[in-house]
Amino acid sequence: MTTETDTPRTAGSCCSSTGSCNDGAADVQVGGVTAVYEVKGMTCGHCEAAVSEEVSGIEGVTSVKAEAATGRVTVDSAAPLTDDAVRAAVDEAGYELVGRV
């Protein structure tokens with residue numbers, strides 16, 4: 001199960017609304033940054049949606065893809081995010097940020 005939240009992308013992004021992204025842990029994109037985080041406690045689509053919604057609220061985030069099966073959350077943003085901002089959003093959703101992958 002995956003939940004993806006998209007906002008308009010800049011040209012040159014590797015990610016699509018179908019969820020295809022490269023597997024890099026923190027790849028710099030044209031006009032943005034992709035970072036992958038490990039989140040503990042997601043077990044279903046509801047969990048994915050809750051995490052995606054909270055992380056999407058961080059200023060500068062352009063898309064979020066949460067995967068309960070892997071515990072990974074892929075975040076595209078205009079500029080690098082602080083781990084504290086991502087941790088606060090994941091905590092607000094009721095889950096635990098383990099760290100960057």
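In this structure, T62 contributes its side chain and D76 its backbone to a donor-acceptor pair below 3.5 Å. No donor-acceptor pair closer than 3.5 Å links the side chain of E38 to the backbone N or O of G99.
The line from CD of E48 to NZ of K65 is 9.5 Å long, rounded to the nearest 0.5 Å. Within the model, atoms SG of C47 and CD of E67 stand 14.0 Å from one another, a figure rounded to the nearest 0.5 Å.
Residues that satisfy the side-chain contact (heavy atoms from CB on, under 4.5 Å) test with A50, not counting sequence neighbours, are A93, Y95. Residues meeting the salt bridge (Lys or Arg N to Asp or Glu O under 4.0 Å) test with D91, sequence neighbours left out: none. Among residues two or more places apart in sequence or in another chain, the side-chain contact (heavy atoms from CB on, under 4.5 Å) test is passed with E92 by E54.
Across every non-hydrogen atom of A68 and C44, the tightest pair is CB-N, 3.7 Å.
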For residues 80-90, tabulate all N or O donor-acceptor pairs below 3.5 Å that involve a side-chain atom, not counting sequence neighbours.
| from | atom 1 | to | atom 2 | distance (Å) |
| --- | --- | --- | --- | --- |
| T82 | OG1 | A85 | N | 3.0 |
| D83 | OD1 | R100 | NE | 3.0 |
| D83 | OD1 | R100 | NH2 | 3.3 |
| R87 | NH1 | L97 | O | 2.9 |

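Evaluated for a side chain to side chain contact (heavy atoms under 4.5 Å, CB included) with V36, the options V75, V73, T74, T70 yield exactly one hit, T74.
Taking 4.5 Å as the limit, every side-chain heavy atom of R72 sits out of range of all side-chain heavy atoms of V39.
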